[in-house]
Amino acid sequence: MEDINELIQQRLKKLDELKLLGIDPFGRPFKVKDTASSIMNGYAEISPDELTNKSIACTVAGRIISFRGFGKATFCHIQDGTGKIQIYLRKEILGEQYNLVKKLDMGDFIGIEGRLFRTKTGELTIEAEKLTFLTKSIRPLPEKWHGLKDVEIRYRQRYLDLIVNTKVKDVFIKRALLIKSIRRFLDSKGFLEVETPMMQAIPGGATARPFVTHHNALNMDLYLRIAPELYLKRLIVGGLDRVYELSRNFRNEGISTRHNPEFTMLEFYMAYADYNDLMDFTEEMISTVAKDVFGAMKFEFEGKSLDLAPPWPRVTHMEAIKNYSSGNIDPTNFEKSREYAKTLGIQIKDDFSHGKILDEIFKEVVEPNLFQPIFIINYPTDISPLAKRCPDNPNLVERFELFIAFREIANAFSELNDPIDQRTRFERQVLELQAGHIEAHRMDEDFIRALEYGMPPTGGEGIGIDRLVMILTNSPSIRDVILFPQLKEESKQ
RNA sequence: GGGCCGUUAGCUCAGCUGGUAGAGCAGCUGACUCUUAAUCAGCGGGUCGGAGGUUCGAAUCCUCCACGGCUCACCA
């Protein structure tokens with residue numbers, strides 16, 4: 001019970017007074033029949049006279065978010081899960097019950113039974129006939145028109161942010177609708193939603209540093225998954241031809257406006273398809289869900305206009321590098337690429353492969369230009385150990401990344417289903433791992449064994465849901481689209 | 001991890017080149033039956049993020065620490 005200040009004391013006093021009146025300050029169930037938005041929308045056009053004639057009864061409940069007392073009458077707004085509505089409390093009508101009004105504070109929950117009317121200024125309002133006290137709030141809410149701005153409190157105490165900042169609530173409602181819409185889309189295309197291990201003995205499917213934990217009974221270290229990929233492909237081997245998983249991945253890396261240690265990813269796998277099919281599929285999926293949830297294809301992001309209407313251009317990784325490096329590079333030449341990267345100020349480690357260097361150049365030179373949706377295709381093989389090689393060039397793989405608003409939104413490829421090649425690629429990754437590249441892939445013998453039974457040609461893709469939500473809700477930081485983003489521990493002081 | 005910025009009342013913020021803390025909202029008391037940033041009169045509220053230091057004197061200057069933001073690095 002730290003920091004019991006005067007404001008809290010006042011409220012505790014009212015709480016005791018409620019008890020003396022025989023009222024439970026933390027309330028009993030209340031039969032809610034109407035919501036703020038159903039009333040506001042349902043009677044938006046109705047005239048004051050018609051309202052009086054019809055004498056419409058309603059029952060609502062919510063948190064008091066504004067309060068204006070006049071002695072024998074009081075106006076307040078209550079907020080429920082759908083919105084807010086004004087309540088008019090009169091001594092003339094409530095009689096004895098009106099004494100309760102003096103015990104009310106901003107933030108308290110009340111239930112109201114009453115009749116609709118329209119005030120002089122035209123606001124649809126409930127005139128209370130019965131007031132039921134539901135729950136006392138003993139801490140004062142943030143201020144009513146500046147709201148809550150302190151970002152640290154907004155993230156740590158998201159509940160306050162949600163109460164006070166209605167736009168924040170909208171973002172998370174949109175996020176939920178988007179995820180629902182994605183599921184609906186995939187289900188309609190014959191996909192099966194599955195769940196695969198979050199705790200894995202061999203973390204695979206991405207280039208990333210994992211979190212480690214320990215299982216006591218089994219006495220073994222386990223890793224929080226960095227991707228579900230290898231398990232989903234095992235399911236393709238098992239004959240589940242279209243599967244998806246939409247859930248959390250964990251990566252033990254830096255935190256930034258674009259990275260949270262746990263983040264939400266959609267991965268889906270389609271047997272008998274390749275990366276070209278997936279590009280068509282991705283255009284359809286993203287434009288469909290955007291239209292479904294936001295009713296639009298054009299979005300405002302960071303002051304610029306974004307157009308999601310397909311089709312989106314498809315440019316190879318190499319062409320893109322050439323296009324944005326004003327002819328200063330021959331990407332097929334290892335030494336020249338290296339020299340060029342150095343001139344860009346990129347730190348080149350000795351063990352960097354040609355493909356790695358090219359990708360660094362790409363990030364430096366190309367990525368900052370990719371605002372409108374674009375597919376970058378055909379990546380270097382050595383940075384894509386799980387993707388199938390291009391038939392005409394073994395140094396490239398059938399892989400694309402979708403960029404929107406300078407961000408990588410999706411990553412997909414024709415899955416490597418040749419177990420012999422897969423073993424070679426893993427072996428090379430293991431060498432990198434031993435050389436100190438801590439994010440490199442590990443050998444996964446069971447995965448190779450699965451491929452040896454035969455995996456049909458398959459296209460697979462991952463989509464970063466948080467980043468997609470950021471773009472569609474014009475949110476500059478990933479923390480704005482994750483309810484409880486990771487922060488350092490709150491100091492005890 | 002580096003750089004820059006921030007942390008003052010429950011909330012939003014002032015507080016100059018050092019002189020001992022201020023506003024609005026919220027709260028309390030009183031008035032008020034159509035207000036919506038209600039209004040009017042009065043009152044209370046602070047370990048100035050934490051610890052050291054300089055100084056006669058520190059919210060203010062210096063050092064360290066904590067937390068946060070932006071950014072760079074790292075990283076899909």
Side-chain angles (χ1 to χ4, degrees), chain A residues 3-11 13-14 48 65-77 84-94 98 101-102 105-107 117-125 127 137-157 160-161 163-165 205-210 226-227 249 251-261 263 265 345-347 349 356 359-360 362-363 367 379 383-384 399 401 403 407-411 437-439 462-464 466-467 476-477 479 485 487-493:
Chain A
D3 87 73
I4 295 204
N5 66 35
E6 191 195 331
L7 298 177
I8 292 179
Q9 294 289 13
Q10 291 289 358
R11 287 165 178 246
K13 197 178 139 205
K14 287 180 189 167
I65 54 160
S66 73
F67 196 85
R68 296 171 294 280
F70 295 86
K72 296 190 183 67
T74 297
F75 283 93
C76 65
H77 279 90
K84 59 178 186 175
I85 188 162
Q86 184 166 253
I87 309 293
Y88 186 35
L89 302 152
R90 291 172 64 194
K91 187 168 187 178
E92 194 176 278
I93 294 179
L94 289 168
Y98 194 77
V101 173
K102 291 195 200 74
D105 281 304
M106 298 259 282
F117 76 108
R118 213 175 266 284
T119 62
K120 274 182 190 166
T121 47
E123 180 165 353
L124 203 54
T125 302
E127 187 168 57
S137 163
I138 60 174
R139 274 183 193 269
L141 286 176
E143 195 234 16
K144 61 183 171 191
W145 69 80
H146 291 101
L148 180 64
K149 288 188 177 168
D150 185 320
V151 286
E152 188 172 351
I153 299 177
R154 285 188 46 220
Y155 297 148
R156 283 195 201 283
Q157 297 177 254
L160 284 182
D161 198 24
I163 292 167
V164 173
N165 298 324
T207 310
R209 203 170 160 178
I226 53 177
N249 288 347
R251 297 187 186 177
N252 203 345
E253 291 159 359
I255 294 177
S256 75
T257 47
R258 298 181 188 193
H259 300 84
N260 195 62
F263 60 99
M265 183 97 140
I346 296 168
Q347 288 190 351
K349 293 181 190 143
K356 175 78 177 161
D359 205 41
E360 291 298 322
F362 178 88
K363 284 178 185 172
E367 240 181 67
Y379 279 69
I383 57 166
S384 315
R399 171 182 177 186
E401 289 190 355
F403 286 87
R407 284 155 179 76
E408 176 207 334
I409 296 299
N411 179 22
H437 180 43
I438 202 159
E439 295 90 13
I463 295 183
D466 311 279
R467 290 179 181 179
S477 169
R479 296 180 204 105
L487 298 175
K488 282 198 192 179
E489 201 175 0
E490 196 172 3
S491 64
K492 297 267 159 63
Q493 278 300 323

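All of these numbers come straight from a predicted model, not from anything done at the bench. Proteins come first, then strands; the chains are lettered A, B, ... in the order of their sequence lines, and each starts at number 1. The figures here come from the full heavy-atom set of this structure, side chains too, leaving out hydrogens, waters and symmetry mates.
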Rounded to whole Å, the CG-C1' distance (Leu148(A) to rC25(B)) equals 14 Å
Taken in chain and number order and not counting sequence neighbours, the residues that satisfy ring-ring contact (aromatic ring centres under 6.0 Å, His included) with Phe403(A) are Phe362(A)
| Say you pick atom P in rG57(B) and the same atom in rA23(B); how far apart are they, in whole Å? | 29 Å
As its Watson-Crick or G-U partner within any shown strand, both distances under 3.5 Å, rA73(B) has none
Could you tell me how far rG24(B) sits from rA41(B) if I compare only their P atoms? Round to whole Å. 11 Å
*asked:* Please give the distance between the P atoms of rG3(B) and rA58(B) as a whole number of Å.
replied: 29 Å
Hits for side chain to side chain donor-acceptor pair (under 3.5 Å) against Ser477(A), two or more places apart or cross-chain, chain-then-number order -> none
Worksheet item: Got more than 12 heavy atoms from elsewhere within 6.0 Å of NZ, Lys14(A)?
Response: yes
From CZ of Arg139(A) across to P of rA26(B) the rounded distance in Å is 20 Å
inquiry  = Can you check the distance between rC16(B) and rG22(B), where both ends of the measurement are the P atom (answer in whole Å)?
reply    = 13 Å
Between CD of Glu152(A) and C1' of rC5(B) the distance, given in whole Å, is 15 Å
N/O-N/O pairs, protein side and nucleotides 40-48 of chain B side, under 3.5 Å:
from	atom 1	to	atom 2	distance (Å)
rG45(B)	O4'	Glu6(A)	OE1	3.4

From CD of Glu489(A) across to P of rG68(B) the rounded distance in Å is 11 Å
Within the structure, does a side-chain N or O atom of Lys144(A) lie under 4.0 Å from either OP1 or OP2 of rA26(B)? yes
Need one value for Phe117(A): base, sugar-phosphate or nothing, where a base atom within 4.0 Å counts as base even if backbone is also close, heavy atoms only. base
Counting the atoms with a prime plus P, OP1 and OP2 as sugar-phosphate, which does Thr119(A) contact under 4.0 Å by heavy atoms, base, sugar-phosphate, or nothing?
base
Applying the 3.5 Å cut-off to both distances, the Watson-Crick or G-U partner of rG52(B) turns out to be rC62(B)
Please work out if Leu141(A) contacts a base, only the sugar-phosphate, or nothing of the nucleic acid, heavy-atom cut-off 4.0 Å. nothing
*Name the nucleic acid region contacted by Tyr88(A), choosing base, sugar-phosphate or nothing; use a 4.0 angstrom heavy-atom cut-off, strictly under.*
base
Hits for side chain to side chain donor-acceptor pair (under 3.5 Å) against Glu152(A), two or more places apart or cross-chain, chain-then-number order -> Arg156(A)
Taken in chain and number order and not counting sequence neighbours, the residues that satisfy ring-ring contact (aromatic ring centres under 6.0 Å, His included) with Tyr98(A) are none
For a quick check, tell me whether the side chain of His146(A) and the base of rC11(B) share a donor-acceptor pair closer than 3.5 Å. no
Among the nucleotides rG10(B), rG69(B), rC34(B), whichever has the atom closest to the side chain of Asn5(A) is rG10(B)
Atom CD of Glu143(A) and atom P of rG10(B) are separated, to the nearest Å, by 14 Å
Exercise. Report which part of the nucleic acid Arg479(A) touches: base, sugar-phosphate, or nothing (heavy-atom distance under 4.0 Å, all strands).
Key: sugar-phosphate
request  = Describe the nucleic acid contact of Glu253(A) in one word from base, sugar-phosphate, nothing, applying a heavy-atom distance below 4.0 Å.
outcome  = sugar-phosphate
Could you walk me through whether Ile226(A) and Asn249(A) pass side-chain contact (heavy atoms from CB on, under 4.5 Å), step by step?
CA-CA 5 Å; Ile226(A) 53 177; Asn249(A) 288 347; 5.9 Å; no
- Query: Quick one: is Arg68(A) getting a side-chain N or O under 4.0 Å of the rA38(B) phosphate, OP1 or OP2?
  - Reply: yes
Hits for side chain to side chain donor-acceptor pair (under 3.5 Å) against Tyr88(A), two or more places apart or cross-chain, chain-then-number order -> none
Review point. For Thr257(A), which contact category applies under a 4.0 Å heavy-atom criterion: base, sugar-phosphate, or nothing?
Key: sugar-phosphate
The Watson-Crick or G-U wobble partner of rA26(B), with both key distances under 3.5 Å, is none
Has the side chain of Gln86(A) got a donor or acceptor atom sitting under 3.5 Å from an opposite partner on the base of rU35(B)? yes
Sequence neighbours excluded, the answer for side chain to side chain donor-acceptor pair (under 3.5 Å) partners of Arg399(A) is Ser384(A), Glu401(A), Asn411(A)
Which part of the nucleic acid does Arg209(A) contact within heavy-atom distance under 4.0 Å: base, sugar-phosphate only, or nothing?
nothing
query = Looking for any heavy atom pair under 4.0 Å, which part of the strands does Lys14(A) touch: base, sugar-phosphate only, or nothing?
reply = sugar-phosphate
Between CZ of Phe67(A) and P of rU39(B) the distance, given in whole Å, is 15 Å
Between rU20(B) and rG46(B), how far apart are the two C1' atoms, rounded to whole Å? 13 Å
Rounded to the nearest 0.5 Å, the CD atom of Glu439(A) sits from the OG1 atom of Thr207(A) at a distance of 8.0 Å
*Using the C1' atom as the reference point in each nucleotide, state the distance between rG15(B) and rU71(B) in Å, no decimals.*
29 Å
Working for side-chain contact (heavy atoms from CB on, under 4.5 Å), residues Arg258(A) and Arg407(A): CA-CA 9 Å; Arg258(A) 298 181 188 193; Arg407(A) 284 155 179 76; 3.8 Å; yes
Select base, sugar-phosphate, or nothing to describe what Asn252(A) touches, counting heavy atoms under 4.0 Å on all strands. nothing
**Message:** Roughly how many Å apart are rA73(B) and rG53(B), using the C1' atom of each and rounding to a whole number?
**Reply:** 34 Å
Winner on side-chain proximity to Pro140(A), out of rG68(B), rG10(B), rU12(B), is rG10(B)
Scanning all shown strands, the Watson-Crick or wobble mate of rU47(B) with both distances under 3.5 Å is none
Assert: residue with more 5' nearest nucleotide on RNA chain B, out of Gly254(A) and Ile153(A), is Ile153(A)
Rounded to whole Å, NE2 of His437(A) lies from P of rC74(B) at a distance of 13 Å
| query | Can Glu127(A) and Arg90(A) be said to form a salt bridge (charged side-chain N to carboxylate O under 4.0 Å, His left out), step by step? | reply | CA-CA 8 Å; Glu127(A) 187 168 57; Arg90(A) 291 172 64 194; 3.0 Å; yes
### Query
If you measure from the P atom in rU35(B) to the same atom in rU47(B), how many Å do you get, rounded?
40 Å
- Query: Hey, does Glu408(A) reach any base, or is it just sugar-phosphate, or nothing, if we go heavy atoms under 4.0 Å?
  - Reply: base
What nitrogen or oxygen pairs link the protein and nucleotides 30-32 of chain B at under 3.5 Å?
from	atom 1	to	atom 2	distance (Å)
rC32(B)	N4	Gly71(A)	N	3.3

The side-chain contact (heavy atoms from CB on, under 4.5 Å) partners of Thr119(A) (sequence neighbours excluded) come to Phe75(A), Gln86(A), Phe117(A), Thr121(A), Glu123(A), Thr125(A)
Note: for Met106(A) and Glu360(A) on RNA chain B, the residue whose nearest nucleotide lies more 5' is Met106(A)
Lys149(A) NZ to rG68(B) P, in whole Å, measures 21 Å
Over 12 foreign heavy atoms within 6.0 Å of CZ, Arg68(A)
yes
